[in-house]
Amino acid sequence: MSMFKKGIQFALLSSLVITPLVSLAPSAYAANEKAQVWLTTADPNSEPNVGLRTDTRLTRQSDRAFSTASDNADYTFNVNEGKTYQQMDGFGVSMTDSAAWLLNYKLSSAKRNEVMDNLFGLSGIHMSMLRQPMGASDFAWSTYTYDDTAGDTALNQFSISRDQPYIIPMIKSALAKNPNIKFIASPWSAPAWMKYTTNDKNGTGKLKAENYPVYANYFVKFIQAYQAQGIPIYAVTPQNEPLFEPGRYPGMLMNEQDQIGMIGDYLGPALNKAGLNTKIITYDHNYDNWNFPNTVIQALKNNGKSQYVAGSAFHHYGGDFTAMTNMHNAHPDKDIWFTEGGFGTWNDPVNGTTQGFDNMINEFIGMTRNWSKSIILWNAALDQKDGPSVIGDNNTNKGMVTVQNSDNSSSNPEDKVTYTKQYYLLGHFSKFVSSGAYRIDSNTFADMQSVAFKNPDGSKVIVLYNSQNTAKTAKIQWNGQALNYTVPGKSVVSLKW
């Protein structure tokens, strides 16, 4: 993530409680079936740092019943569960060093349990994915890798001990709330001694040719070490943002040819030899250079090594989400994930408008309608100064939650938490769409967007976004029945039945 991604200071809320979902039985096409309705409405003025109405923040409304007769509506949405698209892995964030430290040390045990319930539990938004940096990212107290002993090509000094005081405990806490979390892991840099660079994990540099097999073994050791902690790694990417040289925090260049070789000749065979079924996902960078993963995947297919690459991963700091449909059309046999989306003053400004609200929900619907199996946002938590971070305070990033940190003390829980817009808007998906759900067909409009899903238990979900300033009535047609719901202006609503 580049250095201009920044955040702002937030007002503080002490807690949030969301009413648990009612259990849904497997699909049955009963007449007058009821749909749950959950609503969030933008308001940039009542609490500017959150930007949402205080009384409609993923708040349950009265149920609506399907009927064979319905009134006229401004928009009609036809939900067709007979036509499916991608299968969803889930929705989540990154448990960065910064996020884990804040959640572990700046919250008392009772407050931490409440926050983790809200993030990962059924009574909260029930996130189902975590993207873990392999070593330090920009959001860490210091730069480190799992083997900083120069020349240790046998990796005898490999250790995840730096993660054990608070990162692994917070991951385990999330797993205790949702045991089905899927983990994607990405390195920001190889150990400096493996690179053509100075003795520094930051800045420029590429992996030395002779260290490709060493680095592949580094991945194997990481996956095995985390597995031994009870944390299964679902997928890895060879490099976070492989075309970006950050300078101020860990990074490493890895072009198309580098990834073709890394995946096909080293990482894929190494995981296979170790008996690991962890997926390998190429790219992990911005929409605007989707020909990178296209080139990597096509070359691996041409070389008879297609089995080693599961698909491609994208970020949103350049280009737009339609690039993922381009990738799907080029390689319909390979999957697509959205693995990092940061929000801060550049795309979620506190400027008296609904700009951030509109940007965020437009992206979430766009990602899922363009074949992504996931939406993974950036830091699960940051403090009121956008940190802790190796790039310094006031860097304009926002976490999903803001945790008060007045003194950088690991012995002084402050128990002050604000849930940001990211929490509520991602919750319109993560709370209702289960891992293993399929996106199903629904029509959409420019000023009233939709996306729909069918869960493994047969329940259906449709998310609607009214981008207009005035309320509009939506008709949901499904299985020969319909229901009407009037969506307030600048609102998102999730219906589940």
Side-chain angles (χ1 to χ4, degrees), residues 35-42 58 64 73-92 125-129 287 314 316 320-329 335-338 341 357-377 421-422 424-468 472 474-479 482-483 485 487 490-497:
Q36 298 177 17
V37 182
W38 299 71
L39 177 67
T40 299
T41 299
L58 194 55
R64 292 290 193 275
D74 298 303
Y75 300 89
T76 298
F77 297 91
N78 296 296
V79 177
N80 176 15
E81 61 191 280
K83 185 175 182 180
T84 61
Y85 299 88
Q86 77 273 24
Q87 188 174 29
M88 303 303 297
D89 276 340
F91 307 86
I125 65 169
H126 201 225
M127 288 189 294
S128 53
M129 296 195 81
Y287 297 129
F314 289 88
H316 71 173
D320 69 75
F321 43 66
T322 57
M324 295 190 291
T325 288
N326 294 338
M327 268 304 297
H328 171 78
N329 291 341
D335 288 323
I336 295 167
W337 292 264
F338 181 85
F357 178 92
D358 294 324
N359 285 344
M360 205 173 293
I361 191 60
N362 178 67
E363 281 202 58
F364 295 171
I365 291 175
M367 291 167 188
T368 50
R369 289 191 72 93
N370 282 271
W371 295 96
S372 182
K373 293 169 66 69
S374 64
I375 300 175
I376 303 177
L377 306 185
K421 192 181 292 105
Q422 299 172 49
Y424 299 101
L425 295 191
L426 190 67
H428 273 277
F429 296 80
S430 60
K431 187 172 178 66
F432 310 109
V433 181
S434 304
S435 182
Y438 282 90
R439 180 168 69 90
I440 57 177
D441 195 53
S442 69
N443 57 310
T444 192
F445 301 89
D447 47 10
M448 178 80 86
Q449 296 182 42
S450 87
V451 63
F453 305 89
K454 182 178 181 179
N455 284 316
D457 68 357
S459 60
K460 268 69 62 178
V461 178
I462 188 168
V463 182
L464 301 176
Y465 158 49
N466 179 9
S467 62
Q468 299 157 93
K472 299 291 181 181
K475 177 183 293 187
I476 313 301
Q477 292 192 154
W478 161 79
N479 190 43
L483 66 78
Y485 183 74
V487 185
K490 295 296 181 182
S491 292
V492 56
V493 62
S494 293
L495 295 97
K496 182 172 186 177
W497 68 95

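Numbers here simply count residues along the sequence, with the first being 1.
Residues passing the side-chain contact (heavy atoms from CB on, under 4.5 Å) test with D320, sequence neighbours excluded: T322. Residues forming a side-chain contact (heavy atoms from CB on, under 4.5 Å) with N359 (at least two apart in sequence, or on another chain): N347, Q355. For S374, there are no side chain to side chain donor-acceptor pair (under 3.5 Å) partners, not counting sequence neighbours. In this view, F453 satisfies the ring pair (Phe, Tyr, Trp, His ring centres under 6.0 Å) rule with no residue, not counting sequence neighbours. For S450, the side-chain contact (heavy atoms from CB on, under 4.5 Å) criterion is met by F77, R369, S442, T444, I462, L464, not counting sequence neighbours. Looking at residues two or more places apart in sequence or on another chain, you find no side chain to side chain donor-acceptor pair (under 3.5 Å) involving N443. Scored by the ring pair (Phe, Tyr, Trp, His ring centres under 6.0 Å) test, Y75 finds F445 as partners (sequence neighbours excluded). Not a single side chain to side chain donor-acceptor pair (under 3.5 Å) links T76 to another residue, sequence neighbours left out. Contacts of D335 classified as side-chain contact (heavy atoms from CB on, under 4.5 Å), with partners at least two apart in sequence or in another chain: W337, K373. Every residue two or more places apart in sequence or in another chain that forms a ring pair (Phe, Tyr, Trp, His ring centres under 6.0 Å) with H316 is listed here: F338, F343. In this view, Y85 and W371 satisfy the ring pair (Phe, Tyr, Trp, His ring centres under 6.0 Å) rule, not counting sequence neighbours. Judged as a side chain to side chain donor-acceptor pair (under 3.5 Å), and not counting sequence neighbours, the contacts of T40 are H428.
Remark: side-chain polar atoms of N370 are paired, donor with acceptor, to backbone N or O of G366 under 3.5 angstrom. Counting only distance, with no hydrogens or angles, the side chain of S430 and the backbone of F91 share no donor-acceptor pair below 3.5 Å. Here the side chain of R439 pairs a donor or acceptor atom with the backbone of T368 at under 3.5 angstrom. Here the side chain of N455 pairs a donor or acceptor atom with the backbone of F432 at under 3.5 angstrom.
Contact of the Y465 side chain with the F357 side chain is registered, since non-hydrogen atoms from C-beta on lie closer than 4.5 Å. Under the 4.5 Å side-chain criterion, counting only non-hydrogen atoms from C-beta, L495 is in contact with V493. Contact of the F429 side chain with the V463 side chain is registered, since non-hydrogen atoms from C-beta on lie closer than 4.5 Å. Under the 4.5 Å side-chain criterion, counting only non-hydrogen atoms from C-beta, V461 is not in contact with W38.
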